[in-house]
2 protein chains.
Amino acid sequence: MTGKLHMTVEERLRAVGQRYTSKRRALVEALATSPNPVAVPDLLAGDRGLPQSSLYRNLSVLEQAGAVHRVVPDEGFARYELAEDLTQHHHHLVCRSCGTVQDVTVPRGLERQVERARSEVESRTGFSAVSHRLDLIGLCRSCA
Amino acid sequence: MTGKLHMTVEERLRAVGQRYTSKRRALVEALATSPNPVAVPDLLAGDRGLPQSSLYRNLSVLEQAGAVHRVVPDEGFARYELAEDLTQHHHHLVCRSCGTVQDVTVPRGLERQVERARSEVESRTGFSAVSHRLDLIGLCRSCA
DNA sequence: CTTCCTGCAAAAGTTTTGCATTAAC
DNA sequence: GTTAATGCAAAACTTTTGCAGGAAG
């Protein structure tokens, strides 16, 4: 089921000279299981006592390997999710009040238009974009 | 020149029961002068010794009053800019390497389509959006 | 004269690092 | 056997808070 995922992650870690240990596998599993980006305390609680230093270090390694992506909310802990190319391209609903981040997809036409705007901006400014981020900021259902 | 700006900021502060002191005026002046969001250390250096506690407090007050907006990069200090309705709607080019944030505007058609997607997402998910954030992530000209 | 702002210092909260031990290859 | 991962504890870094004095309305 998640076999292909683990293989891909392992490859990416190897490419950066890192090992795919059982702790890292469990971490990827936790991220793959969650429907939304997971905050650090939730990962600490969920993984039955993986110490925070290892957690942060593993998240950092996985991020450098391009397997995990970090989402920074305005307040509090960072949240982590699998890299987009391991799941599917999506965007975020960020709650101003409680900080939760919820995944959402937007119409394909909008994505296309963002891509078009990207190349326009690149040639106009000299900035070289590798990705985009389109978030809606507001209040989640429970905070509204 | 910036008279209208200061009047507007003063109104918004009053509306929250806050005063528009000379330090806050200087802060708004500094933000209005910069073409890009300014990081905290730059504000500390620029304002000839405004202590960091007052700086953070004033930024927080101005943000609550809706006069200033906080931009959170992936690493390091937060950056601040004037609220969008005091300048003009724009987006950001965020450099992955050095963290700088550069303002950019995108074609109006894209903005319209984002608004359309917003209402679609709101009715589909129950999330109530108050604004959106569309950033391009990549490498600025000097880091490329 | 009452309320809010300021500045200093110290605390808080999140993330990173040093080091000895253990596990992976 | 060599190199890297782990876990503990302590440090680092950004931001927030307490409190005494000063300024604004």
Side-chain angles (χ1 to χ4, degrees), chain A residues 6-7 9-30 37-65 67-80 98-101, chain B residues 6 9-28 30 37-65 67-80 98-101:
Chain A
H6 288 304
M7 274 187 53
V9 173
E10 181 159 19
E11 275 168 27
R12 294 191 187 179
L13 283 174
R14 288 216 135 88
V16 196
Q18 298 281 341
R19 296 168 185 166
Y20 198 27
T21 63
S22 58
K23 316 281 177 123
R24 294 180 178 172
R25 208 173 292 259
L27 193 44
V28 167
E29 202 76 50
V38 193
V40 172
D42 296 339
L43 289 170
L44 282 173
D47 262 4
R48 289 143 313 161
L50 178 65
Q52 58 149 264
S53 62
S54 300
L55 176 57
Y56 277 110
R57 265 195 279 240
N58 283 335
L59 287 170
S60 163
V61 165
L62 286 165
E63 195 189 12
Q64 280 180 269
V68 156
H69 179 233
R70 187 186 194 209
V71 184
V72 188
D74 281 5
E75 310 243 330
F77 291 90
R79 280 144 208 278
Y80 291 86
C98 69
T100 56
V101 180
Chain B
H6 287 305
V9 173
E10 182 158 19
E11 275 168 28
R12 294 191 188 179
L13 283 174
R14 287 215 136 89
V16 197
Q18 298 281 340
R19 298 168 184 166
Y20 198 26
T21 63
S22 59
K23 317 280 177 119
R24 292 179 180 175
R25 209 174 290 261
L27 192 44
V28 167
V38 193
V40 172
D42 296 339
L43 290 170
L44 281 173
D47 262 5
R48 291 144 310 163
L50 179 64
Q52 58 148 263
S53 62
S54 300
L55 177 57
Y56 275 110
R57 266 195 279 239
N58 283 334
L59 286 170
S60 164
V61 165
L62 286 164
E63 195 189 11
Q64 281 181 267
V68 155
H69 179 232
R70 186 185 195 209
V71 184
V72 187
D74 281 4
E75 310 243 329
F77 291 89
R79 281 142 207 277
Y80 291 86
C98 67
T100 55
V101 180

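The sequence lines fix the lettering, A, B, ..., with proteins before strands; numbering per chain opens at 1. If you're wondering where the values come from, they're calculated on a predicted model, not measured in any experiment.
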Within the pair B:K23 and C:dG7, is there a side-chain N or O less than 4.0 Å away from OP1 or OP2? yes
Write down the distance between CG (A:L50) and C1' (D:dC8), rounded to a whole number of angstrom. 13 Å
B:S54 or B:R14: which one's nearest nucleotide on DNA chain D is closer to the 5' end? B:S54
At a cut-off of 3.5 Å, list every protein nitrogen or oxygen paired with a nitrogen or oxygen from nucleotides 12-14 of chain C, distance to 0.1 Å.
none

Side chains of A:H6 and A:V28 in contact at under 4.5 Å (non-hydrogen atoms): yes
Rounded to whole angstrom units, what separation is found between the CG atom of B:L44 and the C1' atom of C:dC8? 14 Å
With the side chain defined as heavy atoms from C-beta on, A:Q52 is closest, among D:dT6, D:dT16, C:dT16, to C:dT16
Send over the distance from B:L43 CG to D:dT14 P, rounded to a whole Å. 14 Å
When rounded to whole Å, the CZ to P distance for the pair B:R25 and D:dA23 reads 18 Å
Value in whole Å for how far the P atom of D:dT17 lies from CG of B:L55: 15 Å
Counting just side-chain N and O atoms, does B:Q18 come under 4.0 Å of either OP1 or OP2 of C:dC5? yes
When the distance from CG of A:L62 to P of D:dT6 is rounded to whole Å, what number comes out? 10 Å
Atom-pair distance (CD on A:Q64; C1' on C:dT15), nearest Å: 15 Å
Does A:T21 place a side-chain N or O at less than 4.0 Å from the phosphate oxygens OP1/OP2 of D:dA5? no
Result for 5'-nearest mapping on DNA chain D, choosing between A:V61 and B:R19, is A:V61
Pick one: which of A:R24, A:Q18, A:K23 meets side-chain hydrogen bond (donor to acceptor under 3.5 Å, both in side chains) with A:N58? A:R24
For nucleotides 18-21 of chain D, give me every protein contact, N/O to N/O, under 3.5 Å, one pair per line with atom names.
residue	atom	partner	partner atom	Å
D:dG18	O6	B:R57	NH1	3.4
D:dG18	O6	B:R57	NH2	2.8

Are more than 12 heavy atoms, taken from residues, nucleotides or ligands other than A:R25, located less than 6.0 Å from that residue's CZ atom? yes
May I have the distance from A:N58 (atom CG) to C:dA23 (atom C1'), rounded to whole angstrom? 13 Å
